[in-house]
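Encoded as structure tokens, the structure appears first; notes follow it.
Quick note on labels: first sequence line is chain A, next is B, and so on, each numbered from 1.
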Number of protein chains: 2
Amino acid sequence: MTAENKKAAEWIKLLQNSGYRQTEARNTIVEVILETNRALEPLEIFEIARKRQAGLGLVTVYRTLERLEALGLVQRVHQPGACNMYLQAPQGHQHLLICTSCGKAEFFNGDDLTPLMETVAARSGYQITEHWFQLFGCCADCQRK
Amino acid sequence: MTAENKKAAEWIKLLQNSGYRQTEARNTIVEVILETNRALEPLEIFEIARKRQAGLGLVTVYRTLERLEALGLVQRVHQPGACNMYLQAPQGHQHLLICTSCGKAEFFNGDDLTPLMETVAARSGYQITEHWFQLFGCCADCQRK
DNA sequence: CTTATAATTGAAAAACACTTTCAATAATAT
DNA sequence: ATATTATTGAAAGTGTTTTTCAATTATAAG
């Protein structure tokens with residue numbers, strides 16, 4: 001059993017524990033998300049998944065993403081070109097690093113941001129509750145090309 | 001002449017220097033953006049502007065925003081709820097602090113991010129070219145309420 | 001000031017992305 | 001095996017953004 005299969009089984013289990021049923025459509029959609037290392041739009045997920053499961057509906061992709069996001073398994077990603085992309089969520093709170101060439105997404109820790117946020121809070125008078133931090137660049141593989 | 005009027009005149013001038021014409025529609029749209037301290041959706045701009053200029057079309061708002069953004073006068077802002085909002089762009093590269101209650105937007109400098117970005121670049125092998133950093137919170141005025 | 005020009009406009013239609021509705025189907029509990 | 005109920009895909013509906021187009025208006029030229 002590969003790492004992806006194992007994670008897929010975990011996700012399905014979590015869905016079931018929340019009262020959702022295991023279906024072919026959900027299995028396929030979960031697999032597609034887990035084996036992709038970049039954020040995907042609903043339509044992209046649909047097109048990949050449809051090749052494996054004829055008859056799958058785009059609506060089901062939207063509905064499954066909604067449930068996966070509510071369970072915190074998937075994360076919505078905003079990018080300049082598209083702001084409704086979905087990616088497997090990391091452990092805890094992490095920040096994204098995205099390759100502008102191939103789209104590959106990696107997470108990193110941003111604990112270092114706390115002092116800056118405190119300075120901004122003090123200067124502005126705002127009580128800061130949330131932050132978005134995302135880096136864009138060219139990954140090692142794409143630099144070689 | 002108020003500060004907003006002065007800035008509006010500058011923007012119109014810049015538009016003209018780029019080969020665009022001065023029109024009533026553009027004047028009104030520019031004024032609305034300049035006197036608002038929060039990011040607005042095209043439809044919001046349209047509704048405010050229409051009260052001052054009957055007959056204005058929503059299409060014109062979209063087209064004007066496109067030009068203003070191309071000239072760097074206006075900046076597109078992504079927020080969890082809406083990712084097509086527009087705000088007067090700051091001098092140089094700055095980061096946003098947005099009040100989740102009233103929407104008020106302020107800019108701040110984020111020079112402190114450089115060391116973190118260098119660390120991430122070194123660890124990941126990415127060549128970092130761009131970053132998004134945005135803070136959300138409750139502004140001083142809204143805290144009092 | 002008058003005329004020629006080319007950009008700009010708003011209306012309408014089209015394109016697009018996403019959501020809702022609904023009857024048929026399929027997963028799960030009994 | 002059966003009953004229950006979530007899930008499904010198709011179709012219709014909604015909201016947003018873009019395109020098309022003829023009429024209008026700003027600007028440059030005379």
Show me the side-chain donor-acceptor pairs of residues 129-140 of chain B shorter than 3.5 Å, one per line, residues at least two apart or across chains.
from, atom 1, to, atom 2, distance (Å)
Thr129(B), OG1, Phe136(A), O, 3.3
His131(B), NE2, His93(B), NE2, 3.1
His131(B), NE2, His95(B), NE2, 3.1
Gln134(B), NE2, His78(B), O, 2.9

More than 12 heavy atoms of other groups within 6.0 Å of Arg123(B) CZ: no

Sugar-phosphate, base or nothing in reach of Leu58(A), heavy atoms under 4.0 Å: nothing

Same cluster (ILVMFWY, side-chain, under 4.5 Å), Val77(A) and Leu65(A): no

Euclidean distance, atom CZ of residue Arg76(B) to atom P of dT16(D) [Å, nearest integer]: 14 Å

Side chain Arg38(A), main chain Ile98(A), donor-acceptor under 3.5 Å: no

Distance, rounded to the nearest Å, where Gln53(A) contributes CD and dT7(D) contributes P: 15 Å

Integer-rounded Å distance: dT17(D) C1' and Glu69(B) CD: 14 Å

Separation of dT18(D) P from Leu65(B) CG (nearest whole Å): 10 Å

Sugar-phosphate only, base, or nothing, as touched by Leu56(B) at under 4.0 Å among non-hydrogen atoms: sugar-phosphate

Residues Glu66(B), Arg26(B): salt bridge by 4.0 Å N-O rule: no

Pair Arg50(A) + Glu44(A): basic N to acidic O under 4.0 Å: no

Protein-nucleotide distance (Leu43(B), atom CG; dG15(D), atom P), rounded to Å: 11 Å

Nearest listed nucleotide, side chain of Arg63(A), among dT20(D), dA10(D), dC18(C): dA10(D)

DNA chain C contacts made by residues 11-35 of chain B, counting heavy atoms under 4.0 Å: Tyr20(B), Arg21(B), Thr23(B), Ala25(B), Arg26(B)

Nearest listed nucleotide, side chain of Tyr62(A), among dT19(D), dT19(C), dT7(D): dT19(C)

Asn84(A) side chain near dA17(C) phosphate (N/O to OP1/OP2, under 4.0 Å): no

